[in-house]
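In this text, all values refer to a predicted model and were calculated from it rather than measured experimentally. Numbers restart at 1 for each chain; the letters A, B, ... are given by sequence-line order, proteins then strands.
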Amino acid sequence: MDERRASGDDLALLERLRAGDEDAFMELVNALGPAMRRVARMFVSTDAVADEVVQDAWLGVLQGLDRYEGRASLRTWIFKILVNIAKTRGQREGRSVPFAAIAGEDLDEPAFDPSMFNSSGEAWAGHWSTLPFDWRGLPEERTTGRETLRAIGTAIDTLPPMQAEVIRLRDVLGWTSDEVRNALDLTETNQRVLLHRARAKVRRALEEHLRSVSQA
Amino acid sequence: MTNANLSCKQIVELMTGYLDGTLPAEQREHVARHLESCGGCTMVLDQFRDTIALSGQLTEEAVTPAQERTIREAFRSWRAGR
């Protein structure tokens, strides 16, 4: 799969930015700002420094507008600038952030609890021994209500930061896997593993929430 | 990947790749074949789809007013200096 290039929307937006259109710029700042701050915060020590990194990244974006060639989507390009600045700033703070600290210590483990499957000595080894709760019978207003969204939001907030950011960019904001991989400087495998673990944990939280709803 | 049938335990670990369409053809075929005859894995795959769809309904937080002001000012001085 190729990296998503600048879309028609990106190029139109780029024209407005180069022409000094403040509304277009602030729209972009509001769309990407919160995610940029969270990503910066993974690499630096405080929220205040993360805010400075985001400001520096926007300056870098403005100064680089004339050099942007549309080889990556605009948002990927902006995040690459951000991540570079954040990493450099983190190093200057003497802060070294091991990958496991932000990605989670559990990446090599299965995303599903092994006790849900028959163990290797048993018949049908590796097949389901306990199926997850089946929520298909629940009325839709129970499964898609505000409480459900809150349960999902809370589950995402409690993930290790890089897992949380990958699922936010992919599933909340709808970025492609290539955009996320390039924006966050991840390998293809790491992007997939982080996303899978994140989705599996959020699915689990959703299951628990809907099980309790069904018993209420 | 061998030709051996994959167990449910292995299939669930491939679901993100399956949904993203990034599995190698042979592995994708294994998963598809398994799903045809496994109600449990089919349900869990649907649960992944529900999880993704519901996540897509979450809203992003907002930029703080102070940060917005600082960045707006930076934009104005950039524009003035062009």
Query - Any residue of residues 157-172 of chain A which, by heavy atoms, sits under 4.5 Å from chain B - result: Arg170(A), Asp171(A), Val172(A)

Query raised in the report: Is there a donor-acceptor contact under 3.5 Å linking the side chains of Glu122(A) and Ser119(A)?
Result: yes

Requested in this report: Please state whether the side chain, the backbone, both or neither of Leu65(A) comes within less than 4.5 Å of a heavy atom of chain B.
Outcome: side chain

Query - Region of Thr143(A) in contact with chain B, defined by heavy-atom distances below 4.5 Å - result: backbone

Query raised in the report: With a 4.5 angstrom heavy-atom cut-off, which part of Trp135(A) approaches chain B: side chain, backbone, both or neither?
Result: both

Requested in this report: Classify the ring geometry between Phe112(A) and His196(A) as parallel (under 30°), tilted (30 to 60°) or perpendicular (over 60°).
Outcome: tilted

Report task. Give, as side chain, backbone, both or neither, the part of Phe117(A) having an atom under 4.5 angstrom from any heavy atom of chain B. Result -> side chain

Query raised in the report: Would you call Asp185(A) and Lys80(A) a salt bridge, taking side-chain N to carboxylate O under 4.0 Å as the test?
Result: no

Query raised in the report: Which one, Arg197(A), Glu207(A), His127(A), Arg199(A), leads in non-hydrogen pairs under 4.5 Å with chain B?
Result: Arg199(A)

**Report entry** Part of Trp128(A) lying under 4.5 Å from any heavy atom of chain B
**Finding:** both

Query raised in the report: Do Ser212(A) side-chain atoms and His209(A) backbone N/O form a donor-acceptor pair below 3.5 Å?
Result: yes

Query raised in the report: Just by modelled atom types, is the Ser73(A) backbone N or O under 3.5 Å from a matching donor or acceptor in the Asp10(A) side chain?
Result: no

Query raised in the report: Of the backbone (N, CA, C, O) and the side chain (C-beta and beyond), which part of Ala200(A) lies under 4.5 Å from a heavy atom of chain B, both, or neither?
Result: both

**Report entry** For Gln215(A), side chain to side chain contact (heavy atoms under 4.5 Å, CB included) partners two or more places apart
**Finding:** Arg211(A)

**Report entry** Set of residues satisfying salt bridge (charged side-chain N to carboxylate O under 4.0 Å, His left out) with respect to Glu60(B), sequence neighbours excluded
**Finding:** Arg38(A)

Query - Shortest non-hydrogen contact from Trp78(B) toward Gln63(A) - result: NE1-N, 4.2 Å

Query raised in the report: Arg79(B) versus chain A, heavy atoms under 4.5 Å apart: side chain, backbone, both or neither?
Result: side chain

Query raised in the report: Salt bridge between Glu188(A) and Arg192(A), side-chain N to carboxylate O under 4.0 Å?
Result: no

Report task. Check each atom of Ile156(A) against the heavy atoms of chain B and say whether the ones under 4.5 Å are side chain, backbone, both or neither. Result -> side chain

Requested in this report: Measure distances from Cys38(B) to the heavy atoms of chain A and classify the residue's part below 4.5 Å as side chain, backbone, both or neither.
Outcome: side chain

Query raised in the report: For Leu62(A), is it the side chain, the backbone, both, or neither that has a heavy atom closer than 4.5 Å to a heavy atom of chain B?
Result: both

Query raised in the report: In terms of heavy-atom proximity below 4.5 Å to chain B, should Leu149(A) be classed as side chain, backbone, both, or neither?
Result: both

Report task. Can you sort out the partners of Arg136(A) under side chain to side chain donor-acceptor pair (under 3.5 Å), two or more places apart, ordered by chain and number? Result -> Asp134(A)

**Report entry** Ala125(A) portion near chain B, given a 4.5 angstrom heavy-atom threshold
**Finding:** backbone

Requested in this report: Determine yes or no for a side-chain-to-main-chain donor-acceptor pair under 3.5 angstrom, with Thr76(A) supplying the side chain and Ala183(A) the backbone.
Outcome: no

Query raised in the report: For Arg204(A), is it the side chain, the backbone, both, or neither that has a heavy atom closer than 4.5 Å to a heavy atom of chain B?
Result: neither

**Report entry** Output field: ring centroids Phe25(A)/Trp58(A) closer than 6.0 Å
**Finding:** yes

Report task. Report yes or no: does Glu13(B) contribute a side-chain atom to a donor-acceptor pair with the main-chain N or O of Ala111(A) at less than 3.5 Å? Result -> yes

Report task. Side chain from CB out, backbone as N, CA, C, O: work out which of these in Asp113(A) comes under 4.5 Å of a heavy atom of chain B, or both, or neither. Result -> neither

